[in-house]
Amino acid sequence: MRIDVVTIFPPLLAGALEHSIIKRARDQGIVDIHLHDLRDYTDDRHRTVDDYPYGGGPGMVMKPEPWFRAVESLRVQGNPGRAILLTPQGKRMNQPLVQRLATEDRLIILCGRYEGVDERVREHLADEEVSIGDYVLSGGEPAAAVLVDAVVRLQPRALGSSESTIEESFSENLLEYPQYTRPPEFRGWRVPDILLSGDHGAVDRWRRDQQIERTRTRRPDLLGPDQDVSETTS
Ligand code: 6GU
């Protein structure tokens, strides 16, 4: 899979993509990731990427031309891919959305800044607009790091065998069970006896019960609308 990221702050993302699983996947040729500076696609001396909003108001708006020039020139070579605009107005990212994007041959990720992006980028350039959650970031760059990580770890052979099992839980809509390692007692806090019992069947049942109970108390929304009373009024 190829991933292009267009941003006004390439160095902000570079470090996030040079470690751990993403680094290994890049080194193995599983993903081909390229960062692009939006300012390289401006045509004025000052490399201007934003301008005042029509109609007035606070803040600046990102101009459309650099975005179109960037995406169109990236698309001259190879697959057009899917252009994903990252802003707080997008569809909220979840594991099914990540799974769908992970099957694309190419993603072109556009990092908007918080104040705004000219609407024509959203309507006529981006194929899709995505948010990573209901809070405000100053720019899409941290969201791009999140999206790239989530997509890369789903590429075939990106995870080693010891890393792959953890993927299952969110895909089956349950939170993970509690995990422990040595020592068996730390500052008086003991590891649950059942985990030390050697009874694998009992351990499996305990973990499943913990997953269900943990999901019920922390994320009832994952169990379906019948279980979720958190948004009930009255
Ligand atoms: Cl994708 N961008 C910004 N600026 N803020 C966000 C976001 C994206 N997702 C959640 N908050």
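For ligands, and for the atoms within them, numbers begin at 1 and follow the listed sequence.
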Separation between NE2 of His124 and CZ of Phe68, rounded to the nearest 0.5 Å: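 If we round to the nearest 0.5 Å, His124:NE2 and Phe68:CZ are 7.0 Å apart.
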CE of Met62 to OG1 of Thr48: how many Å apart, nearest 0.5 Å?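 Answer for the CE-OG1 pair, Met62 versus Thr48, is 11.5 Å.
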Specify the protein heavy atom at minimum distance from [atom]: its residue, its atom name, and the distance to 0.1 Å.
| atom | answer |
| --- | --- |
| atom 11 (N) of ligand 1 | Tyr135 O, 2.6 Å |
| atom 9 (N) of ligand 1 | Ile132 N, 2.9 Å |
| atom 4 (N) of ligand 1 | Leu137 O, 2.9 Å |

Is there any N or O on Tyr114 that sits under 3.5 Å from an N or O of ligand 1?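 The answer is no, given that Tyr114 and ligand 1 share no N or O pair closer than 3.5 Å.
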Who's closest to atom 8 (C) of ligand 1 heavy-atom-wise, of Val117, Thr87, Ile109, Leu85?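 Going through Val117, Thr87, Ile109, Leu85 one by one, Thr87 has the nearest heavy atom to atom 8 (C) of ligand 1.
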Which one of Pro88, Gly133, Ser138, Pro142 has a non-hydrogen atom at the shortest distance from atom 10 (C) of ligand 1?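 Nearest option to atom 10 (C) of ligand 1, by heavy atoms: Gly133.
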Can you tell whether the side chains of [X] and [Y] come within less than 4.0 Å, N to carboxylate O?
| X | Y | result |
| --- | --- | --- |
| Lys23 | Glu18 | no |
| Asp127 | Arg100 | no |
| Asp105 | Arg82 | no |

Donor-acceptor pair, distance only, cut-off 3.5 Å: does the side chain of Arg122 make one with the backbone of Glu129?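 No.
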So does Tyr177 get a backbone contact from the side chain of Arg207, meaning a donor-acceptor N/O pair under 3.5 Å?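 No; judged by distance alone, with no hydrogens or angles, the pair does not exist.
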Indicate, as side chain, backbone, both or neither, the part of Val130 found under 4.0 angstrom from ligand 1 when only non-hydrogen atoms are considered.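 It is the backbone that touches ligand 1; the side chain stays farther off.
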Atoms in ligand 1 with a heavy atom of Ala143 nearer than 4.0 Å: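 So the atoms of ligand 1 that pass are 1 (Cl).
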With heavy-atom distances below 4.0 Å as the criterion, list the atoms of ligand 1 near Ser131.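 Those of ligand 1 that fall under 4.0 Å from Ser131 are 1 (Cl), 9 (N), 10 (C).
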